[in-house]
Amino acid sequence: MAIIARKGSQLVRKHREQKERKKAQHKHWELAGTKLGDIMGVKKTEDADRSGGKAVGEDGKVDYRAEQKFADHMRDKSEASSDFAKKKTLLQQRQYLPIFAVRQQLLNIIRDNSIVIVVGETGSGKTTQLTQYLHEDGYTSYGMVGCTQPRRVAAMSVAKRVSEEIGTNLGEEVGYAIRFEDCTSEKTLIKYMTDGILLRESLRESDLDHYSAVIMDEAHERSLNTDVLFGLLRDVVSRRTDLKLIVTSATMDSDKFAAFFGNVPIFHIPGRTFPVDILFSKTPQEDYVEAAVKQGLQIHLSGLIGDILIFMPGQEDIEVTSDQIVERLEDLENAPALTVLPIYSQLPSDLQAKIFQKAPDGVRKCIVATNIAETSLTVDGIMFVVDAGYCKLKVFNPRIGMDALQVYPISQANANQRSGRAGRTGPGQCYRLYTQSAYKNEMLTTTIPEIQRTNLANVVLLLKSLGVQDLLLFHFMDPPPEDNMLNSMYQLWILGALDNTGSLTPTGRLMVEFPLDPALSKMLIVSCDMACSADILIIVSMLSVPAIFYRPKGREEESDQVREKFSVPESDHLTYLNVYMQWKNNNYSSNWCNDHFIHTKAMRKVREVRSQLKDIMVQQRMNLISCGSDWDIIRKCICAAYFHQAAKLKGIGEYVNVRTGMPCHLHPTSSLFGMGYTPDYIIYHELVMTTKEYMQCVTSVDGEWLAELGPMFYSVKQAGKSRTENRRRAKEDIINMEEEMSMAEEQLQARREEQDKKTNTGTVKVVKICTPGRKDEAPMTPRRTPARFGL
DNA sequence: CTATGTCCG
């Protein structure tokens with residue numbers, strides 16, 4: 001009943017909104033008229049002034065000034081342009097790269113120093129050539145040359161290219177390693193890999209004895225793994241004088257990198273890109289969606305040739321922007337054809353592939369993207385970039401143990417990366433929908449590195465298993481906030497991975513074996529004792545991939561209804577299990593996925609993860625048993641690893657966090673959402689602040705389970721005799737053991753102070769992070785009006 | 001009572 005009412009009212013509202021919006025738009029266009037200048041608010045740029053300085057539009061609302069010429073650091077991996085490739089041999093192509101001119105100098109400086117920072121601009125050829133130069137210079141005679149990449153695709157494609165250049169089969173002299181795929185052999189001399197792989201390797205072999213040289217490519221992106229490797233490799237090099245470390249960096253932070261590694265030399269390799277004109281908005285834009293739509297259309301109607309790339313923070317904005325461009329273009333007479341293509345990572349791959357297809361002759365492409373187009377995928381033929389100036393960032397707040405996924409202004413580094421996307425195949429233009437003063441004064445030079453804004457439980461576990469005694473003294477380039485480290489250690493203590501002295505327990509050592517977040521590893525370990533490991537294995541696998549359910553625009557109701565068929569009323573975890581079992585019963589069919597609004601790609605990955613985890617379990621002699629249909633056992637097992645993330649029912653549909661007392665909400669996608677069934681206690685997998693504090697993926701639990709499984713948090717005041725009595729009392733008398741919590745924290749704090757006294761080196765620096773929700777700390781917090789756009 | 005940026009093991 002409740003469901004029907006909810007769906008019904010929603011339908012009506014949506015429909016009404018749509019009608020209203022249409023009406024309002026018509027009004028808008030009648031008022032605005034159809035004169036080009038009026039609609040765009042900008043004069044047509046027949047002859048865009050490329051020399052800089054001159055205003056492009058004089059009388060419009062959106063107004064730009066050419067400010068500077070700009071060539072960016074962009075990744076130009078391996079692909080040479082096709083006609084060039086036809087004419088030249090591989091060797092000639094290699095010699096044409098800018099890095100070739102400085103080859104000997106580079107090798108000399110590497111010979112003379114253990115660590116070198118290389119500033120390699122886009123198109124310099126560093127990624128493909130550095131490894132080969134080291135190989136040619138004899139470094140592979142006593143070990144491998146390793147090269148890390150932040151992304152898998154990069155590791156694979158570069159390895160392929162280099163193996164062709166050397167003239168061997170991929171996987172022999174030149175190979176790569178990524179999760180699920182080790183394409184190397186005993187013959188391998190040059191090994192490309194993701195930075196996560198090298199990190200895992202250092203667990204087995206802390207001095208990296210197999211390597212004679214390690215190149216950390218794209219280090220300026222500062223991925224979590226890169227930052228941990230920084231600290232580790234710095235020490236490895238001091239122990240092993242025969243190991244060479246080469247770290248690539250962007251110009252802006254090369255000095256910082258050099259200082260971190262001990263004032264090591266910086267070597268600069270020029271790049272080869274086309275100039276990009278940067279045009280800033282003269283006035284701040286109130287609504288970046290509106291501004292982007294106008295700018296996109298203005299470029300399109302200017303008659304200049306070339307595809308357009310628009311950067312937006314998220315899926316919703318992308319959809320609104322795309323729709324608006326299409327709609328407004330339809331209202332114009334004789335407008336040239338334009339294909340508008342959205343792209344973001346959650347988009348199914350067949351739709352993603354569209355952006356790489358060539359548009360029909362005379363049709364311009366306009367790609368509307370998240371920052372996926374900033375580094376992860378490169379589209380050729382982009383001449384115009386429109387940059388809204390925002391991105392979404394996940395920031396972890398250790399105090400309340402919650403992530404916040406919110407829109408933040410981008411950094412200058414992001415902005416430069418984005419504009420560089422217009423200069424890949426020819427000179428281009430970048431329209432920034434923010435003022436030059438905002439760029440200079442309000443934007444950070446670089447994005448806050450991931451290590452300072454993420455949950456560190458995994459990093460802490462890893463470093464502990466590497467024998468790092470005091471994590472607060474570990475040499476990070478940018479140390480994470482102390483709160484964050486302490487919180488992670490505390491969390492690991494709760495999970496039984498660390499003992500009271502902060503050392504790794506046997507459970508902790510077992511947890512390290514799994515490429516999972518600690519709580520998930522714990523769940524897997526506990527499940528073996530509770531005889532439901534086969535089922536938990538599936539749930540864990542489902543939880544370690546991104547979104548399973550697909551909710552396409554325009555078919556929201558339909559997909560929601562299909563999803564409800566899978567829903568297990570008391571648990572999202574069990575709902576996931578249910579989905580997997582049904583998929584399995586349908587022979588892992590991709591058609592079945594499509595019919596049920598489920599991401600095929602995600603499910604395939606679940607299967608891969610499951611198989612990898614299963615191998616580890618077998619190797620660790622953990623038994624695989626299913627509990628059949630006794631799903632209470634499964635819920636109890638989940639509770640055993642997540643009791644620290646519990647919420648108590650407060651009112652109808654209202655929950656409060658048991659530990660912090662903070663109100664939390666069920667996410668609308670939860671099986672428990674909007675149902676008549678409202679359990680007294682639930683545990684949640686994740687707490688994320690978006691528009692509200694949402695618990696994502698929840699399972700109902702018995703109050704007494706919490707007391708039984710999380711005795712350091714909860715206790716039942718008086719134990720009754722019967723089960724029902726127990727349960728009743730548990731519901732009434734659950735106490736949050738705040739004192740014990742703070743005791744553990746004090747213990748950690750005391751330890752830290754003790755260490756501080758021993759070494760007053762001041763290596764620990766706490767960096768304040770912009771607290772989510774504090775508007776005064778985010779000067780460029782955008783006015784988000786896209787939902788009401790056009791009204 | 002309503003929605004999630006990008007990666008990695």
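When reading the values below, keep in mind they use all heavy atoms of this one structure, side chains included, and skip hydrogens, waters and symmetry mates. Naming: A, B, ... by sequence-line order, numbering from 1 per chain.
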task: Would you classify Ser223(A) as touching base, sugar-phosphate or nothing, given that sugar-phosphate means primed atoms plus P, OP1 and OP2, and contacts are heavy atoms under 4.0 Å?
output: nothing
query: Expressed in angstrom and rounded to an integer, what is the separation of His220(A) atom NE2 from dT6(B) atom C1'?
result: 14 Å
message: Is Arg551(A) close enough to dT4(B) that one of its side-chain N or O atoms is under 4.0 Å from OP1 or OP2 there?
response: no
- prompt: What is the distance, rounded to the nearest whole Å, between atom CG of Asp403(A) and atom P of dA3(B)?
  reply: 17 Å
query: Does OP1 or OP2 of dT6(B) have a side-chain N or O of Ser345(A) closer than 4.0 Å?
result: yes
- request: Assign Leu199(A) to base, sugar-phosphate, or nothing according to its heavy-atom contacts below 4.0 angstrom with the strands shown.
  value: nothing
statement: Side-chain atoms of Thr691(A) come closest, of dG5(B), dA3(B), dC7(B), to dA3(B)
query: Given dT4(B), dG5(B), dG9(B), which nucleotide is nearest the side-chain atoms of Gln696(A)?
result: dT4(B)
- prompt: Using the ring of each side chain (for Trp, its six-membered ring), is Tyr439(A) parallel, tilted or perpendicular to Tyr434(A), with breaks at 30° and 60°?
  reply: parallel
- prompt: When Ser700(A) is tested against each of Pro679(A), Ser671(A), Pro569(A) for side chain to side chain contact (heavy atoms under 4.5 Å, CB included), which residue passes?
  reply: Pro679(A)
Hey, can you pull the donor-acceptor pairs under 3.5 Å for the side chains in residues 515-522 of chain A, sequence neighbours left out?
from: Asp517(A); atom 1: OD1; to: Asn458(A); atom 2: ND2; distance (Å): 3.2
from: Ser521(A); atom 1: OG; to: Asp517(A); atom 2: O; distance (Å): 3.4
from: Lys522(A); atom 1: NZ; to: Leu495(A); atom 2: O; distance (Å): 2.9

message: Between P on dC8(B) and NZ on Lys605(A), what's the gap in Å once rounded to a whole number?
response: 7 Å
- request: Give a yes/no answer on whether the side chain of Thr375(A) brings an N or O atom under 4.0 Å of OP1 or OP2 in dC7(B).
  value: no
- request: Quickly work out the Arg179(A) CZ to dC7(B) C1' distance and round it to whole Å.
  value: 13 Å
message: Holding to ring pair (Phe, Tyr, Trp, His ring centres under 6.0 Å), I want the full list of residues that pass it with Phe597(A), two or more places apart in sequence or in another chain.
response: none
message: Counting the atoms with a prime plus P, OP1 and OP2 as sugar-phosphate, which does Gln612(A) contact under 4.0 Å by heavy atoms, base, sugar-phosphate, or nothing?
response: nothing
task: Give Ile372(A) one of three labels, base, sugar-phosphate or nothing, depending on what nucleic acid heavy atoms sit under 4.0 Å from its own.
output: sugar-phosphate
message: Among dA3(B), dG5(B), dG9(B), which nucleotide has an atom closest to any side-chain atom of Ile178(A)?
response: dG9(B)
- prompt: Hey, does Thr669(A) reach any base, or is it just sugar-phosphate, or nothing, if we go heavy atoms under 4.0 Å?
  reply: base
- line: Heavy-atom nearest nucleotide on DNA chain B taken for Asn458(A) and for Lys394(A); more 5' hit belongs to Lys394(A)
Proximal nucleotide (of dA3(B), dG9(B), dG5(B)) relative to the Asp517(A) side chain: dG9(B)
Below 4.0 Å: OP1/OP2 of dA3(B) and any side-chain N or O of Tyr694(A): yes
- request: Would you mind reading off the distance between Leu224(A) atom CG and dT6(B) atom P, rounded to a whole angstrom?
  value: 18 Å
statement: Taking every heavy atom of Arg421(A) against every heavy atom of Glu374(A), the minimum-distance pair comes out as NH2-O, 2.7 Å
query: With a non-hydrogen cut-off below 4.0 angstrom, is Tyr344(A) in contact with a base, only sugar-phosphate, or nothing?
result: sugar-phosphate
message: Can you measure Ile548(A) atom CD1 to dT4(B) atom P for me and round it to whole angstrom units?
response: 18 Å
message: The side chain of His667(A) is closest to which nucleotide in this list: dC7(B), dG5(B), dT4(B)?
response: dT4(B)
- prompt: For the residue pair Tyr576(A) and Phe549(A), does the interplanar ring angle fall in the parallel (under 30°), tilted (30 to 60°) or perpendicular (over 60°) class?
  reply: parallel
query: Between dA3(B) and Thr690(A), is there an OP1 or OP2 to side-chain N/O distance shorter than 4.0 Å?
result: no
- request: Round to a whole Å and report the spacing from CZ of Phe549(A) to P of dA3(B).
  value: 19 Å
- prompt: Can you tell me how far P of dG9(B) sits from CD of Glu450(A), to the nearest Å?
  reply: 13 Å
message: Just to be sure I understand the rule, does Ile197(A) reach a base, reach only the sugar-phosphate, or reach nothing, if contact means heavy atoms closer than 4.0 Å?
response: sugar-phosphate
